[in-house]
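As a basis for the values below, the full set of heavy atoms in this structure was taken, side chains included, without hydrogen atoms, waters or symmetry mates. Treat the numbers as computed from the prediction; the structure is a model and nothing was measured.
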Number of protein chains: 2
Amino acid sequence: MTVSKTAEKSSEKSADSAKVRKDAAEPQAEALQLGELSEQLGYVLKRAQLKVFENFLRCMASLQLTPAQFSVLLLVEKNPGRNQTEIASTLGILRPNFVAMLDNLESRDLCARIRSTNDRRSHILVLTDKGKAVLARAKKLVATKHEARLNDLLGQANREALLAMLSKIANEF
Amino acid sequence: MTVSKTAEKSSEKSADSAKVRKDAAEPQAEALQLGELSEQLGYVLKRAQLKVFENFLRCMASLQLTPAQFSVLLLVEKNPGRNQTEIASTLGILRPNFVAMLDNLESRDLCARIRSTNDRRSHILVLTDKGKAVLARAKKLVATKHEARLNDLLGQANREALLAMLSKIANEF
DNA sequence: GATAATTGTTATGGACCATATCAAATATCG
DNA sequence: CGATATTTGATATGGTCCATAACAATTATC
């Protein structure tokens with residue numbers, strides 16, 4: 001659907017000097033018609049998703065956590081003792097792509113790989129103390145700055161209804 | 001949030017031969033707990049968006065149109081006589097990235113760039129006859145196979161409510 | 001004990017996104 | 001008018017994310 005996050009350079013130019021504004025004669029240059037696009041669920045879904053991620057990143061700027069990283073920390077916390085393949089696959093991350101991600105989190109001392117004694121091929125994933133602390137702060141930031149703002153915009157009941165419908169699409173479509 | 005579209009290799013192995021299944025003794029290996037992840041709007045939003053795009057691509061396989069290409073054709077049809085910058089920016093596409101996209105559509109004879117006589121820098125975009133025909137077929141496919149399936153899943157009223165909430169997020173968040 | 005499967009990893013290529021830069025054309029303004 | 005700035009389409013380039021193939025070490029299978 002396309003939709004990116006460009007910055008809309010506000011070219012105001014602060015004019016209004018000795019020159020007359022040519023408003024009246026302007027043949028309505030701007031204002032494109034979206035048309036049926038605004039009825040396409042995929043299009044609106046993508047735009048909404050980009051907005052939500054964008055806001056998430058702003059809320060997490062102090063912790064430097066991306067949505068993907070946050071989801072990994074959440075899942076490792078909830079499922080201690082699992083290996084890379086298990087964590088990655090339930091998040092829809094392919095194992096090869098998960099390696100660099102873990103390298104990053106581990107280099108920041110947020111989580112650790114531990115060689116399993118049962119199966120010496122696999123790495124058990126755990127949060128470090130720092131990882132637990134950062135995740136706790138992240139949860140608070142998300143709850144108070146991110147999800148709370150969605151509640152303000154939609155209302156509690158609508159937000160839950162939205163979540164339910166999106167879950168249905170994600171799981172049953 | 002992560003979420004990709006991997007194919008879930010169904011490793012069934014059709015065993016059940018002379019070997020006994022070790023179900024009982026199995027220490028419940030699978031089944032990760034999603035936990036708070038399933039309450040994170042961004043996570044569910046992303047997963048739903050991937051599912052919707054995936055289904056869109058399947059429905060459009062015969063026409064070989066991506067969601068982004070479809071949105072371009074729709075917008076050009078609704079706004080004839082606009083140039084690349086205008087079409088690209090309302091879709092959130094950066095001008096440099098729009099060039100290859102148009103090269104593709106133009107090479108398939110779906111749309112055409114026409115040098116404007118007013119401003120010889122800009123290219124006016126129009127759909128070719130083939131482009132109009134393909135877009136018409138695409139619309140039908142989307143309506144009957146794609147959006148209809150979402151109606152079946154959510155119900156008409158819910159689908160509209162979903163669209164309204166997503167639009168609100170996309171525009172006011 | 002030979003063969004197959006799994007785990008983490010590397011390498012690699014594609015798709016998408018973003019910035020800087022350019023030539024041609026136009027707009028702006030002294 | 002003419003110098004300067006801006007706009008348009010385009011190229012080059014780099015980053016991120018996603019996907020596949022292949023590999024060594026380890027384990028499972030038979």
Atom-pair distance (CZ on B:F98; P on C:dC17), nearest Å:
13 Å
Dump every N/O contact between nucleotides 9-11 of chain D and the protein below 3.5 Å, one line per pair.
residue	atom	partner	partner atom	Å
D:dG9	OP1	B:Q84	N	3.0
D:dG9	OP1	B:H123	N	3.1
D:dG9	OP2	B:T85	N	2.8
D:dG9	OP2	B:T85	OG1	2.3
D:dG9	O3'	B:H123	ND1	3.2
D:dA10	OP1	B:R113	NH1	3.3
D:dA10	OP2	B:Q84	OE1	3.1
D:dA10	OP2	B:Q84	NE2	2.9
D:dA10	OP2	B:R113	NH1	2.6

To the nearest Å, how far apart are B:R120 CZ and C:dA27 P?
12 Å
Can you name the salt bridge (Lys or Arg N to Asp or Glu O under 4.0 Å) partners of B:D119, sequence neighbours left out?
B:R121
Using whole Å, what does the distance between atom C1' of nucleotide C:dG14 and atom CG of A:L94 come to?
14 Å
Could you tell me how far apart A:R47 (CZ) and C:dC16 (P) are, to the nearest whole angstrom?
17 Å
For B:R108, salt bridge (Lys or Arg N to Asp or Glu O under 4.0 Å) partners two or more places apart:
none
Given atom CD of A:E106 and atom C1' of C:dT9, what is their separation to the nearest angstrom?
14 Å
A:I93 CD1 to D:dT16 P, in whole Å, measures 16 Å
Find the distance A:N104:CG to D:dG15:P and express it as a whole number of Å.
16 Å
Side-chain donor-acceptor contacts of residues 163-173 of chain A below 3.5 Å, not counting sequence neighbours, with atom names and distances?
residue	atom	partner	partner atom	Å
A:S167	OG	A:L163	O	2.9
A:N171	ND2	A:S167	O	3.0

Which other residues end up in the same hydrophobic cluster as B:L57, if Ile, Leu, Val, Met, Phe, Trp and Tyr are linked when side-chain heavy atoms come under 4.5 Å apart?
none
Return the set of residues passing side-chain contact (heavy atoms from CB on, under 4.5 Å) with A:E36 (not counting sequence neighbours), or none when no residue passes.
B:L74, B:E77, B:K78, B:K139
Starting at CG of B:D119 and ending at P of C:dA24, how long is that distance when rounded to a whole Å?
16 Å
Which residue in the set B:Q84, B:R113, B:R82 passes side chain to side chain donor-acceptor pair (under 3.5 Å) when paired with B:H123?
B:Q84
